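Down below is the structure, laid out as structure tokens.
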2 protein chains.
Amino acid sequence: MAKNARVAASGQSERKRQAIQTAGAAVFLDRGYEAASMDVIAAEAKVSKQTIYNHFHSKDELFKAIISDMTTALVIPLSISEAAASTPQKLLQSFACDLLKLMLTPSSLAMYRLIVAESARVPELGATLYAAGAGQLLHKLAGYLEWETKRGRLAIENTESAAELFVGMLTGRLRFRVLVGDCEMPSDAELKERATVAVSCFLTLFAPVNIEPMRRPGSGR
Amino acid sequence: MAKNARVAASGQSERKRQAIQTAGAAVFLDRGYEAASMDVIAAEAKVSKQTIYNHFHSKDELFKAIISDMTTALVIPLSISEAAASTPQKLLQSFACDLLKLMLTPSSLAMYRLIVAESARVPELGATLYAAGAGQLLHKLAGYLEWETKRGRLAIENTESAAELFVGMLTGRLRFRVLVGDCEMPSDAELKERATVAVSCFLTLFAPVNIEPMRRPGSGR
DNA sequence: GCTGTATTAGACTGTCTAGTCCAGATTTGA
DNA sequence: TCAAATCTGGACTAGACAGTCTAATACAGC
């Protein structure tokens, strides 16, 4: 045991392990930790239950492995490389749209639900995941804001707090409402409108003083 | 059966029912739906298990009764009655502080966790609770903003969307971070600073044009 | 005090689950 | 080709849990 996993990447054992993690992720996300049984995961992975226990000591360890794997798979939709060729308004607008769409994805919602529900039971996971996901996203956004400030196209003193402000304005209670079934999934047009309002407010607050401010916000539906 | 419950308010039966609901709320909030067993709830309520089933047909019905009871107990910390004697800045600031403190209360956090976790299993609850809690709060805030706009002390076109914007700016990712263990409970001073930033941004966006704008925000911490 | 109803403790059923064990089949690596 | 490791499926243990049942007790209204 404990052989180099990479060497065996094409081997059956490693494929089984992957299948278990994939199936486990699906079942945990779908049902939550308690309601996900090892038998169902085994069936989903097309693997015998014993095989799961060959790879993971317990249900809890499997869960932790899956979640911690997910942190490496989180993708942040903000490419600062494009920033030079764009304007703050365009870049923030497209970032905002991407972010809204991403966070309202069924799998993102399921992930959020799972993390909120289980972070009490498994404290270390939540912080790790936050750092890899939302935290990193805010940090990248702050980096971009910093860069634009140096360039003179924005005027922000505390970029970390401004980044959080922007994301807060953008998302508001939307995720909670969708999660809780208070409203349908918004259309793309509604998301775009929401993004536009947030960007426009943000630029009103943080555009350099010598630049004409945006239209007064809050007129959106 | 089905006697008027109010008449029997001083009776033993009604007291038992109350004890069951109270104990059930505590156990559900503490452990979540799945991990809360009827035996534990009975013990906590100092009641026999059969008595629970005399009052509620099933665990699920008990859960629903408890949650729907909570909706009537939600208190919104915004008294517009004080508004006339104050200024938008002062009132929003105090509202913001109250709201932040309220939402970071251990019991509020536990409630949030429970709702997020269980709204998938019991869809109708989430919407009801949202309407009674966060939704009503946003609505009251919007009402206040409307009133100040009519009075000429604010200039807002869409007050509902502005209310959500304000709450979004105020809370940002804070609840999620605390819930997930990414950060400690913030001190009162930090909460106040956070409220100040949000209020100042909000007033910059929505103060009437003839009034001097606030200091440029984002300088916090 | 009498009568009917609610409560109680605890035994009990049936179901579900995490985790183990085993004997035979398959795969892997040399 | 052979031996070690891994996989399989299914039976099994032990415990938890929702919900029922019972026989005895406490209580409320008349």
Side-chain angles (χ1 to χ4, degrees), chain A residues 1-28 30-67 117-118 121-122, chain B residues 1-28 30-67 117-118 121-122:
Chain A
M1 70 200 73
K3 283 181 184 172
N4 187 333
R6 191 127 320 179
V7 166
S10 65
Q12 175 180 246
S13 184
E14 188 58 20
R15 280 201 310 275
K16 299 274 174 188
R17 188 190 193 90
Q18 274 309 320
I20 293 165
Q21 291 214 17
T22 304
V27 177
F28 281 129
D30 188 49
R31 312 192 179 191
Y33 181 83
E34 300 268 7
S37 86
M38 294 299 263
D39 291 272
V40 169
I41 294 173
E44 182 84 8
K46 283 168 189 151
V47 136
S48 84
K49 194 157 64 152
Q50 182 60 54
T51 301
I52 298 185
Y53 284 99
N54 288 347
H55 286 280
F56 306 93
H57 287 124
S58 65
K59 183 181 183 180
D60 207 67
E61 190 188 294
L62 171 61
F63 182 70
K64 287 178 183 170
I66 288 171
I67 298 289
E118 298 308 324
R121 203 178 50 80
V122 196
Chain B
M1 69 197 72
K3 283 181 185 172
N4 188 332
R6 192 128 315 177
V7 166
S10 65
Q12 175 182 248
S13 184
E14 189 59 21
R15 281 201 309 275
K16 299 275 176 187
R17 188 191 190 90
Q18 274 308 320
I20 292 166
Q21 291 212 18
T22 305
V27 176
F28 280 130
D30 187 49
R31 312 193 180 189
Y33 181 83
E34 299 269 9
S37 86
M38 295 298 262
D39 291 272
V40 169
I41 293 172
E44 182 84 7
K46 283 168 190 150
V47 136
S48 83
K49 194 158 63 152
Q50 183 57 55
T51 301
I52 297 185
Y53 284 98
N54 287 347
H55 286 279
F56 306 93
H57 288 123
S58 65
K59 183 181 183 183
D60 207 66
E61 189 187 294
L62 172 61
F63 182 70
K64 287 176 183 169
I66 288 172
I67 297 289
E118 299 307 324
R121 203 179 49 80
V122 196

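Remember, it's a predicted structure, so these values are computed and weren't measured experimentally. No hydrogens, no waters, no symmetry mates; every other heavy atom, side chains included, goes into these values. Throughout, protein chains are lettered first and strands after them, A, B, ... in sequence-line order, and every chain is numbered starting at 1.
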Contact string for nucleotides 15-21 of chain C, one letter per nucleotide 5' to 3', B = base within protein heavy-atom range under 4.0 Å, S = sugar-phosphate only, - = neither, reads --SBBBB
Are A:Phe56 and A:Gln21 packed together at the side-chain level, in the sense that at least one heavy-atom pair is separated by less than 4.5 angstrom?
yes
Spacing of B:Ile52 atom CD1 relative to C:dA9 atom C1', expressed in whole Å
14 Å
Phosphate OP1/OP2 of C:dT8 contacted by B:Thr51 side-chain N/O (<4.0 Å)
yes
Interatomic distance, B:Asn54 CG vs D:dG19 C1' [rounded to whole Å]:
12 Å
Side chains of B:Asn54 and B:Lys16 in contact at under 4.5 Å (non-hydrogen atoms)
no
In whole Å, what is the span from the CD atom of A:Gln12 to the C1' atom of D:dA4?
14 Å
To the nearest angstrom, the NZ-C1' distance between B:Lys46 and C:dT7 comes to 16 Å
Over how many whole Å does the gap from B:Arg31 atom CZ to D:dA16 atom P extend?
12 Å
Quick one: B:Glu61 CD to D:dA18 C1', roughly how many Å, whole number?
14 Å
Hits for salt bridge (Lys or Arg N to Asp or Glu O under 4.0 Å) against B:Asp60, two or more places apart or cross-chain, chain-then-number order -> B:Lys64, B:Arg121
Going by ring pair (Phe, Tyr, Trp, His ring centres under 6.0 Å), name the residues that satisfy it together with A:Tyr53, two or more places apart in sequence or in a different chain.
none
Do the non-hydrogen side-chain atoms of B:Ile67 and B:Glu118 ever get within less than 4.5 Å of each other?
no
Quick one: does NZ or CZ of A:Lys59 land under 6.0 Å from the six-membered ring centre of A:Phe28, within 45 degrees of the ring axis?
no
